[in-house]
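Heavy-atom basis, side chains included; hydrogens, waters and symmetry copies ignored. None of the values given here were measured: they were computed from a predicted structure.
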Amino acid sequence: MNKQAKNRGFFTAILYSFRDLDASIREQTEIRNKESQLLPLLYFTCLILLLSQLIQVTSEVQQAPYLSVITAVIVSYLFFLPIFIYITSFMLHLALKFFGAISSSFQTRLAVLWSLAISALIILFVSVVKIFTKGSTELVIVIFSELIVVYIFSRVLGFVCNFRDRNLFTFVFVSFYLTPVILINFS
């Protein structure tokens, strides 16, 4: 790892990751080696996703149960989402092991959390853009952003799992996402 990467802060590392996903996850696997180092990734992701959901709820719900909806969103994103992410990453680890992944459970969690931390910024940006767009423009923006998120997720997971052909893994992963999207939205 070069000297510039050692001095990179958390937010700078996230922004840098958009330039080179493989180098960013390589850097994260070198820096983070304890479970306590994964918690900032988890709570950063949950807070950004909470913010994006609050933006969406605020723009849609304008009636009497507003406070109860906001409370439910806050509780679910701060208490239940972290548990859900951990359970999902464990199940994903087992599924990837079945397909030949050689990563540890910790590395798989790191990959899931790092890809979610990167993708959370895209999700936040899209939630703001959705306020100003409607119809087919909104659909195109949402599908394109989800495609980017799925690409980031599959690319980072493919790197950590050390698959022989990461491009094939990314292609298959993105195809599993695109098939139902095309069938549902364009049929």
Side-chain angles (χ1 to χ4, degrees), residues 9-15 17-18 21 24-25 28-29 31-96 103-135 138-139 141-157 160 173 176-177 180-181 184-185:
F10 179 71
F11 296 109
T12 309
I14 289 176
L15 294 176
S17 66
F18 287 106
L21 289 170
S24 75
I25 190 60
Q28 292 302 310
T29 55
I31 293 172
R32 300 180 193 277
N33 52 12
K34 294 185 285 189
E35 195 70 37
S36 62
Q37 293 172 323
L38 295 182
L39 291 177
L41 289 175
L42 178 66
Y43 280 105
F44 170 78
T45 301
C46 290
L47 285 174
I48 296 297
L49 292 176
L50 171 66
L51 184 59
S52 69
Q53 189 64 28
L54 287 176
I55 290 170
Q56 184 175 354
V57 166
T58 304
S59 67
E60 292 176 1
V61 178
Q62 311 250 332
Q63 299 164 352
Y66 180 74
L67 187 58
S68 61
V69 171
I70 295 294
T71 304
V73 168
I74 290 172
V75 168
S76 64
Y77 274 76
L78 292 182
F79 296 109
F80 297 118
L81 184 60
I83 295 168
F84 176 76
I85 291 172
Y86 261 84
I87 291 170
T88 303
S89 65
F90 178 72
M91 291 187 318
L92 187 62
H93 170 70
L94 293 177
L96 291 172
S103 62
S104 67
S105 179
F106 176 81
Q107 290 172 327
T108 304
R109 277 193 309 280
L110 174 62
V112 167
L113 293 173
W114 183 245
S115 63
L116 286 174
I118 296 167
S119 301
L121 296 177
I122 296 169
I123 294 167
L124 179 63
F125 177 74
V126 169
S127 68
V128 171
V129 169
K130 281 173 51 176
I131 294 172
F132 303 108
T133 59
K134 297 288 179 219
E138 179 182 3
L139 179 66
I141 290 171
V142 168
I143 290 175
F144 184 68
S145 66
E146 288 176 355
L147 190 59
I148 291 172
V149 168
V150 169
Y151 174 79
I152 290 169
F153 189 72
S154 64
R155 193 71 192 174
V156 169
L157 266 177
V160 167
F173 211 85
F176 275 119
Y177 163 75
V181 168
I184 290 171
N185 290 316

**Report entry** Working for side-chain contact (heavy atoms from CB on, under 4.5 Å), residues Thr88 and Val112
**Finding:** CA-CA 9 Å; Thr88 303; Val112 167; over 6 Å; no
d(Leu139 CG, Lys130 NZ) to nearest 0.5 Å is 10.5 Å
Rounded to the nearest 0.5 Å, the CD1 atom of Ile48 sits from the CD1 atom of Ile118 at a distance of 13.5 Å
Q) Counting only heavy atoms not in Phe18, do more than 12 fall under 6.0 Å of its CZ? A) yes
* Asked: Tell me, do Ile148 and Phe144 make a side-chain contact under 4.5 Å, heavy atoms counted?
  -> yes
Can you list the steps and then say if Leu124 with Ile55 is a side-chain contact (heavy atoms from CB on, under 4.5 Å)? CA-CA 9 Å; Leu124 179 63; Ile55 290 170; 3.8 Å; yes
So do Leu92 and Leu157 actually touch side chain to side chain, heavy atoms under 4.5 Å?
yes
Of all heavy-atom pairs linking Phe106 and Leu38, the shortest is CE1-CD1, 3.4 Å
Between the CG atom in Leu50 and the OG1 atom in Thr45, the distance rounded to the nearest 0.5 Å is 12.0 Å
CG (Leu39) and CG (Leu113) are apart, to the nearest 0.5 Å, by 8.5 Å
A quick test of your reading: do over 12 heavy atoms of other residues, nucleotides or ligands sit less than 6.0 Å from CZ of Phe10? yes
All heavy atoms of Trp114 vs all of Leu41, minimum pair found to be CE3-CD2, 3.5 Å
**Prompt:** Hey, does the side chain of Arg109 reach the backbone of Ser89 with a donor-acceptor pair shorter than 3.5 angstrom?
**Reply:** no
dist Gln56:CD -> Ser127:OG (nearest 0.5 Å) comes out at 7.5 Å
Closest non-hydrogen atoms of Leu121 and Phe44, given as atom of the first, atom of the second and distance, are CD2-CZ, 4.2 Å
Scanning both residues in full, the closest heavy-atom pair of Ile123 with Ser52 reads CG2-OG, 3.8 Å
Using side-chain heavy atoms (C-beta onward) and a distance below 4.5 Å, is Ser145 in contact with Val129?
no
Does any N or O in the side chain of Ser17 come within less than 3.5 Å of the main-chain N or O of Ile14, such that one atom is a donor and the other an acceptor?
yes
Closest non-hydrogen atoms of Ala111 and Ile25, given as atom of the first, atom of the second and distance, are CA-CD1, 4.2 Å
For Tyr86 and Leu42 the tightest heavy-atom approach is CE1-CD2, 3.4 Å
* Asked: Going through the distances and angles, do Gln28 and Val156 end up as a side-chain contact (heavy atoms from CB on, under 4.5 Å)?
  -> CA-CA 11 Å; Gln28 292 302 310; Val156 169; over 6 Å; no
Rounding to 0.5 Å, atoms CD1 (Ile152) and CG (Leu21) come to a distance of 5.5 Å
- [ ] Please confirm whether the backbone N or O of Leu116 pairs with a side-chain atom of Ser119, one donor and one acceptor, at under 3.5 Å?
- [x] no
Checklist entry - Relative to the ring of Phe153, is the ring of Phe173 parallel (under 30°), tilted (30 to 60°) or perpendicular (over 60°)? => result tilted
**Request:** Give the C-alpha distance, both sets of side-chain angles, the deciding distance and a yes or no for side-chain contact (heavy atoms from CB on, under 4.5 Å) between Thr29 and Leu110.
**Result:** CA-CA 8 Å; Thr29 55; Leu110 174 62; 3.7 Å; yes
